[in-house]
Undergrad: 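Could you have a look at this structure, given as structure tokens, before my questions?
All values reported here derive from a predicted model rather than from experimental measurement.
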Protein chains: 2
Amino acid sequence: MDRQEIIELLNLRGIQPSAQRVAIAQLVLGTDEHPTAEQVWQKASESLPVVSRATVYNTLNLLTENGLLRRHALKGVSSVFDGNPEAHHHFVDEETGELRDIPWDALEVSGLETLPDSEITGYMVVVRGRRRNPTTDKIAQRSRKEGAT
Amino acid sequence: MDRQEIIELLNLRGIQPSAQRVAIAQLVLGTDEHPTAEQVWQKASESLPVVSRATVYNTLNLLTENGLLRRHALKGVSSVFDGNPEAHHHFVDEETGELRDIPWDALEVSGLETLPDSEITGYMVVVRGRRRNPTTDKIAQRSRKEGAT
DNA sequence: TTCTAAGTTTAGAATTAGTCTCTCTTGCAT
DNA sequence: ATGCAAGAGAGACTAATTCTAAACTTAGAA
Ligand SMILES: [Mn+2]
Ligand SMILES: [Mn+2]
Ligand SMILES: [Zn+2]
Ligand SMILES: [Zn+2]
């Protein structure tokens, strides 16, 4: 994608296409790698005389909010511990951030055998969404805690 | 799970069952929640006169290495940016940590409609493994970069 | 018992990822 | 020219995690 296309993309969404924003957008929209903010900052530093980390984060967040980018937490430092080491899937509640288990047998994934050149050691479906009926759930939770039936 | 069971689990793997380890293991093996290390530390602090954060991290890592626990990076602070905002799946190379795209149509997930009480906003299959034929791949990559056929 | 080596825990320093705050600059509109 | 308002920058701050080095505990051996 060339500079001009990027500028139009930004203009379309009312984002002022500053030199920094164009350079950063071009870097991350023009690759199929999945760079960390730090990596984007390093590359951006090559083409721009000066960029601060804060600008890189601000721009990446801005582009994400505008749907041009997506942010994945799949590796990286912070994590959560799972007392069930068996294979199972997960539901991430986008409101609370809570992780809930989905039993392995509840979902089926097909097509894995067609992935080229890879030895699979495991997989998991990550479903994102919000719980419906939070009221019912809260009541159920309270009952459990209080030992009520 | 009671204290004694936990102690046996640890002994089985040659892990010396210190008071701290037993308390921490009991906390995290006895819940279907997915606590952060900080949350485990807070709970552990209630039942033990003194525990340091380092012990909690050491123990959680030890239990994870021994397959009693699993560690997920699904929410939390650190992330990676994806220039393709469309729905697709991901392959995580366990050797390099690299994330690679799997096209949406390459995999199919069934059973989602049966998830109770939840409104799904999106989902993704996360496959973990190692690439086979890294040599071939490197050649393929170079060819692509150089515009060779 | 007492000693000792190995294993474990600790507080705090260091590191890494990310956000926040405040200041400085720049591109216009008056 | 003057004055905003939006944007960008530096650096302080926070949070998650690991590292370090010293202190403590334990299981055996003597
Ligand atoms: Mn921001
Ligand atoms: Mn460790
Ligand atoms: Zn789980
Ligand atoms: Zn992707």
Side-chain angles (χ1 to χ4, degrees), chain A residues 6-7 10-11 13-28 34-66 68-82 97 99, chain B residues 6-7 10-11 13-28 34-66 68-82 97 99:
Chain A
I6 299 282
I7 291 175
L10 297 185
N11 277 331
R13 282 153 238 255
I15 302 172
Q16 196 170 301
S18 68
Q20 290 84 340
R21 284 171 176 174
V22 173
I24 291 167
Q26 200 166 10
L27 278 176
V28 62
H34 297 77
T36 61
E38 183 72 17
Q39 290 169 329
V40 173
W41 178 67
Q42 275 164 17
K43 284 231 179 180
S45 301
E46 290 169 18
S47 56
L48 292 168
V50 57
V51 228
S52 87
R53 245 175 271 257
T55 298
V56 170
Y57 277 104
N58 287 340
T59 302
L60 291 173
N61 288 337
L62 183 67
L63 297 177
T64 302
E65 281 153 24
N66 281 276
L68 289 171
L69 237 55
R70 222 161 171 105
R71 199 175 173 155
H72 302 300
L74 285 179
K75 33 183 225 181
V77 294
S78 87
S79 47
V80 117
F81 293 85
D82 192 333
L99 230 68
Chain B
I6 298 282
I7 290 176
L10 298 184
N11 277 332
R13 283 154 236 253
I15 302 172
Q16 198 169 300
S18 69
Q20 289 87 333
R21 285 172 175 173
V22 173
I24 291 166
Q26 199 167 12
L27 278 175
V28 64
H34 296 78
T36 62
E38 183 71 16
Q39 290 170 329
V40 173
W41 178 67
Q42 274 163 18
K43 282 228 181 184
S45 301
E46 290 169 18
S47 56
L48 292 167
V50 56
V51 227
S52 88
R53 249 174 269 257
T55 298
V56 170
Y57 277 102
N58 287 341
T59 302
L60 291 174
N61 288 338
L62 183 66
L63 297 177
T64 302
E65 281 152 25
N66 281 276
L68 290 170
L69 239 54
R70 222 159 171 107
R71 201 176 170 151
H72 304 300
L74 286 179
K75 34 182 228 183
V77 293
S78 86
S79 46
V80 116
F81 292 86
D82 192 333
L99 231 68

Undergrad: Starting at the 5' end of DNA chain C, which residue's closest nucleotide do you reach first, B/S78 or B/V51?
TA: B/V51
Undergrad: B/E38 has an atom CD; how far is it from atom C1' of C/dA17, in whole Å?
TA: 16 Å
Undergrad: Among the candidates C/dT10, D/dT17, C/dG18, find the nucleotide nearest to the side-chain atoms of B/R53.
TA: D/dT17
Undergrad: Scan A/T36 against the nucleic acid and name what it touches under 4.0 Å (heavy atoms): base, sugar-phosphate only, or nothing.
TA: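 No contact at all - A/T36 keeps every heavy atom at 4.0 Å or more from the nucleic acid.
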Undergrad: Could you check how far CD1 of B/I15 sits from C1' of C/dA6, rounded to whole Å?
TA: 17 Å
Undergrad: Using OP1 and OP2 only, check whether a side-chain N or O of B/R21 sits under 4.0 Å from C/dT9.
TA: yes
Undergrad: Could you state the atom-to-atom distance from CG of B/L48 to P of D/dT25 in whole Å?
TA: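 One finds 14 Å between P of D/dT25 and CG of B/L48, rounded.
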Undergrad: Give a yes or no on whether the backbone of A/Y57 and the side-chain of A/W41 come within a donor-acceptor separation of less than 3.5 Å.
TA: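 Not at all, since once roles are kept as given, no pair shorter than 3.5 Å links the two residues.
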Undergrad: Side-chain N or O of A/Y57 less than 4.0 angstrom from OP1 or OP2 on C/dT19?
TA: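 No.
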Undergrad: Once you round it to whole Å, what is the distance between P of C/dG18 and NE2 of A/H72?
TA: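 Atom NE2 in A/H72 sits about 14 Å away from atom P in C/dG18.
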Undergrad: Side chain to side chain contact (heavy atoms under 4.5 Å, CB included), that's the test. Do B/V80 and A/L74 meet it? Break it down for me.
TA: CA-CA 8 Å; B/V80 116; A/L74 285 179; over 6 Å; no
Undergrad: Report the distance from atom CD of A/Q39 to atom C1' of C/dG18, rounded to the nearest whole Å.
TA: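 Result: 15 Å.
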Undergrad: How about B/S79 and A/R71: does a side-chain donor come under 3.5 Å of a side-chain acceptor?
TA: yes
Undergrad: With a 3.5 Å cut-off and no angle check, do the side chains of A/R21 and A/N58 form a donor-acceptor pair?
TA: no
Undergrad: Which nucleotide, D/dA10, C/dT10, D/dT18, lies nearest any side-chain atom of A/A54?
TA: D/dA10
Undergrad: Would you compute the distance between atom OG1 of B/T64 and atom CG of A/D82 and round it to the nearest 0.5 angstrom?
TA: 9.5 Å
Undergrad: Report the distance from atom CG of A/L10 to atom C1' of D/dA6, rounded to the nearest whole Å.
TA: 15 Å
Undergrad: When the distance from CG of A/N58 to P of C/dA17 is rounded to whole Å, what number comes out?
TA: 18 Å
Undergrad: Report which part of the nucleic acid B/T55 touches: base, sugar-phosphate, or nothing (heavy-atom distance under 4.0 Å, all strands).
TA: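 Touches a base.
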Undergrad: Using atom types as modelled and distance alone, determine if a side-chain donor or acceptor of B/Q26 lies under 3.5 Å from a backbone N or O of B/A23.
TA: no
Undergrad: C/dT19, D/dT26, D/dT17: which one has an atom nearest the side-chain heavy atoms of B/Q16?
TA: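 Taking heavy atoms from C-beta onward, the closest nucleotide is D/dT26.
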Undergrad: I want to check one thing: is the phosphate of C/dG18, taken as OP1 and OP2, less than 4.0 Å away from some side-chain N or O of A/N61?
TA: no
Undergrad: Does a nitrogen or oxygen in the side chain of B/Q20 sit under 4.0 Å from OP1 or OP2 of D/dT25?
TA: no
Undergrad: Quick check on C/dT8: is either OP1 or OP2 less than 4.0 Å from any side-chain nitrogen or oxygen of B/S18?
TA: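 The answer is no; no side-chain N or O of B/S18 sits under 4.0 Å from OP1 or OP2.
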Undergrad: Can you identify which nucleotide, out of C/dG18, D/dA10, C/dT9, has its nearest atom closest to the A/A37 side chain?
TA: C/dG18
Undergrad: What's the CG-P distance between A/L62 and C/dC20, to the nearest Å?
TA: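 Distance check: A/L62 CG to C/dC20 P gives 15 Å.
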Undergrad: For B/A19 and for B/V80, locate the closest nucleotide of DNA chain C by heavy-atom distance; then report the residue assigned to the nucleotide nearer the 5' terminus.
TA: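 Going by which nucleotide is closer to the 5' end, it is B/A19.
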